[in-house]
Amino acid sequence: MEPSSPNNPLGSNNNRATEFHPFSTSTPHMLAFHLSWLSLFSCFFSTFSIPPLLPIIRQSLNLSAADVGAAGTAAFVSSIFSRLAMGPACDLVGPRVASATLSILTAPIVLATAFISSPTSFILTRFLVGFCLANFVANQFWMSSLFSNSVVGLVNGFAAGWGSMGAGFAQLIMPLLFSLVKSFNVPENNAWRVVFVVPATFQAITAVLVLVYGQELPRENHGDSKRVCDNKPKESLLEVVFNGLTNYRGWILCLTYGFCFGVEMTMDNIIAQYFYYTFGVKLEVAGIIAACFGWTNCFARPIGGVISDQMAKWFGIRGRLWGLWVVQTVAGLLCVLMGRVESLGGSIAVMCVFSVFVQASSGLTFGIVPFISNRSLGVISGMTGSGGTVGAVVTQMLLFSGDKFSTQTSISMMGLMMIVCSLPISLIYFPRWGGMFCAPYSFHQTSTDEEDYRLLV
Amino acid sequence: MAAQVLVLASILVFSCFADICYGAISFSSLHRTLVVTASHRQGLLMGGEDKITVTWGLNQSFQAGTDSNYRTIKVQLCYAPNSQVDRAWRKTEDHLSKDKTCQFKIVEKPYANTNETLEWTIERDVPTATFFVRAYALDEHDHEVAYGQNTDAEKTTNLFDIEAITGRHASLDIASVCFSAFSIVSLIGFFFAEKRKGRKAQQ
């Protein structure tokens, strides 16, 4: 008989937790939550530890604007593939092993900044470090395995939001660490290489903690569990992947996520430079301002999850879709405005409000993802997640590489692209629950278990 | 509520214009009254090691009294055009407050009505690029009123190359290699331990 616990009073939901207590570390659910978001935090910290020091690094390596843009793009290109691969990897070996392995393998690359001496090696390093962003998919997968549908939106929002704060933390801490190292009379060219010890070590430590203390499933780890449960049909990995890839809703979310999370990542890349160069503030001050952008993730992304769950209570899936479209469009409008504001104070104010909306729309997206497919959850999460980085690559390459547009014009154009690419949300349609403009088609509640298993509609 | 929105909007709008109103001196309005030369050894100059000898003084072909309002002289190391290509953070702008051409200060001292010389060791933080030397004369309000440079108006002659210090250090390289080895070994060690635990549990 399954013993009851505070997180699981009825012993149902496959032992997944039905409540979320963010300040508890009870095993296995809440401990896994904290390990997972910390691990994701360290990956974001590592990937975005380079942008705040770019004004120094570009002088040191004699980088051109094209080199800087190429490196920023490269950081995201690698995560496109790693996120796509992480979905099936979680199905195969479990999120704990997959994410920890990736973290431990990419941590030395962060430290390899010590070896960089040319633009090519700089671009290569950023490319390799970008692989660790796949831990986002493992994080969401892990949380969906441990928490039931009633709280999964909220938990996913908190886990991803707190994890994404790593980018903001990097923007703040790296310039400060750099100043600290410089104060020991170390030349700038040396100092920026030394500070990468911090993100590398932190990433390795969190990976080890995940391996030692993490637990993937409510009762055991992935490797110990039986692979096939009684009421789940036997399927090959290829079938699961095909099932996910042929679901058009996954592709629409892939596009829209590219223009909320992708925009957020691009902003993380360019924001410190933007304030440093356009408004002439000091490097540490630019870092603080840029950090504010990342830190709103603490509450903004979870709020997106909460809004999604609340809209679902009132209007069902249609409410989730409308919520996502409204929030993302408002974010796009604010992005357009941000590129038009000429003063420092106004720019910061608009940036803060914009960050709340763009991160909330990421949370709202993952309020919809779990409902697209149950069996292919990993694949859909991977597709959506990598869509985020595709969006980052596209915006970075089109708008922030080279001298074609001024940064301010680019930011406004990015906002316009966000608005346009949010429109396809209106095309998402669930036969049983409807879409943004269309009522549900089928009112039959008697679908088989197998149908339910493939598509939660 | 509407009044508050209006106030906020007007603050935002007026702050946009503030930059234009406040002290924008343009480079094209300055007179080239100073003569500046920079001499150095032959070949590529190394940051942190090599020296440049800079001299500056008023061009004697101007009338006496031209420098009556010069209070301070500021000599700077400036990027040559070929080091500014595709690097917006080094761009030349006519408005001096936005100009990023000259980012390294060689010396700033009170103006003396004589030719002065300084031997300057290139700082360790100077990046790899092509440079020239420019001197600004500032008045008592610290506004630029005149300038001189060791190159011509198109910035094509008398340029010199500086190579930055490498920044790499053996201790850092060794630490990176050790850390990588340690990470991979502990990962492999973990997998072995898990496999052994799994085998023990099955027995």
Side-chain angles (χ1 to χ4, degrees), chain A residues 55-56 58-68 97 100-101 103-117 186-194 196-197 200-201 203-204 207-208 211-212 221 223-224 273 276-277 280 340-346 349-350 402-403 406-407, chain B residues 8-9 11-20 47-48 83-91 97-98 100 103-104 123-129 163-188 190-191 193-195 197-198 201-202:
Chain A
I56 310 295
R58 67 189 178 196
Q59 293 280 64
S60 171
L61 298 175
N62 202 17
L63 302 176
S64 66
D67 293 328
V68 170
V97 168
T101 308
S103 287
I104 288 189
L105 290 179
T106 45
I109 298 169
V110 178
L111 207 52
T113 47
F115 295 118
I116 299 178
S117 53
V186 178
E188 282 190 356
N189 276 3
N190 286 120
W192 68 259
R193 295 170 198 273
V194 169
F196 288 104
V197 168
T201 318
Q203 189 168 323
V208 167
L211 280 177
V212 173
N221 273 323
D224 310 321
Q273 279 184 86
Y276 179 79
Y277 172 61
R340 312 296 292 252
V341 173
E342 297 276 345
S343 74
L344 178 63
V350 174
D403 276 337
S406 77
T407 315
Chain B
L8 180 64
I11 290 173
L12 279 175
V13 167
F14 284 128
S15 57
C16 299
F17 294 116
D19 179 49
I20 301 174
S83 290
Q84 292 175 302
V85 171
D86 201 20
R87 287 166 177 80
W89 51 90
R90 295 177 182 172
K91 206 162 159 203
S97 57
K98 292 197 166 147
K100 306 259 190 253
Q103 296 188 14
F104 300 97
E123 282 168 7
R124 291 183 306 180
D125 292 339
V126 173
T128 302
E163 173 100 0
I165 61 169
T166 164
R168 287 185 54 181
H169 202 267
S171 58
L172 265 180
D173 293 349
I174 294 170
S176 299
V177 172
C178 291
F179 181 81
S180 317
F182 175 73
S183 304
I184 300 195
V185 163
S186 31
L187 186 66
I188 295 174
F190 166 78
F191 282 131
E194 279 258 308
K195 242 200 173 106
K197 207 166 55 168
Q202 278 174 6

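Heavy-atom basis, side chains included; hydrogens, waters and symmetry copies ignored. A, B, ... follow the sequence lines: proteins, then strands. Residue 1 opens every chain.
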Q) Measuring from B/Lys98:NZ to A/Tyr277:OH, what's the distance to the nearest 0.5 Å? A) 9.5 Å
**Q.** Contacts of type salt bridge (Lys or Arg N to Asp or Glu O under 4.0 Å), residue B/Glu123, not counting sequence neighbours
**A.** none
Q: Using the side-chain hydrogen bond (donor to acceptor under 3.5 Å, both in side chains) rule, collect all pairs that involve residues 179-188 of chain B, keeping only residues at least two apart or in two chains.
A: none
Q: Report, as yes or no, whether the 6.0 Å neighbourhood of atom CZ on B/Phe182 holds more than 12 heavy atoms from other residues, nucleotides or ligands.
A: no
Q. Looking at A/Ala114 and B/Arg168, what are the two nearest heavy atoms and their distance?
A. O-CG, 3.5 Å
Q) Tell me, side chain or backbone of B/Phe191 under 4.5 Å from chain A's heavy atoms, or both, or neither? A) side chain
Q: Return the minimal non-hydrogen interatomic distance between A/Asn189 and B/Ala164, and the atom names on each side.
A: ND2-CB, 3.9 Å
Q: Carefully, step by step, assess B/Arg87 and A/Gln59 under the rule side-chain hydrogen bond (donor to acceptor under 3.5 Å, both in side chains).
A: CA-CA 10 Å; B/Arg87 287 166 177 80; A/Gln59 293 280 64; over 6 Å; no
Q) Heavy-atom distance under 4.5 Å to chain B: side chain of A/Ile56, backbone, both or neither? A) neither
Q. Using a cut-off of under 4.5 Å for heavy-atom pairs, which of A/Val194, A/Val208, A/Val212, A/Ile109 has the most such pairs with chain B?
A. A/Val194
**Q.** Interatomic distance, B/Asp173 atom CG to A/Leu111 atom CG [nearest 0.5 angstrom]
**A.** 10.0 Å
Q) Non-hydrogen atoms of chain A under 4.5 Å away: do they reach the side chain of B/Ala175, the backbone, both or neither? A) backbone
Q) Can you name the nearest heavy-atom pair linking A/Arg193 to B/Leu172, along with the distance? A) CB-CD1, 3.6 Å
Q | Exercise: identify the closest heavy-atom pair between B/Leu187 and A/Leu211 | A | CD1-CD1, 4.2 Å
Q: With a 4.5 angstrom heavy-atom cut-off, could you sort out which part of A/Ala204 is near chain B: side chain, backbone, both or neither?
A: side chain
Q) Closest heavy-atom contact between B/Trp89 and A/Leu63? A) CZ2-O, 3.1 Å
**Q.** chain B contact via A/Thr101 - side chain, backbone, both or neither, heavy atoms under 4.5 Å
**A.** both
Q.
If you count heavy-atom pairs within less than 4.5 Å of chain B, which of A/Ser60, A/Ala191, A/Gly280, A/Ala200 leads?
A. A/Ala200
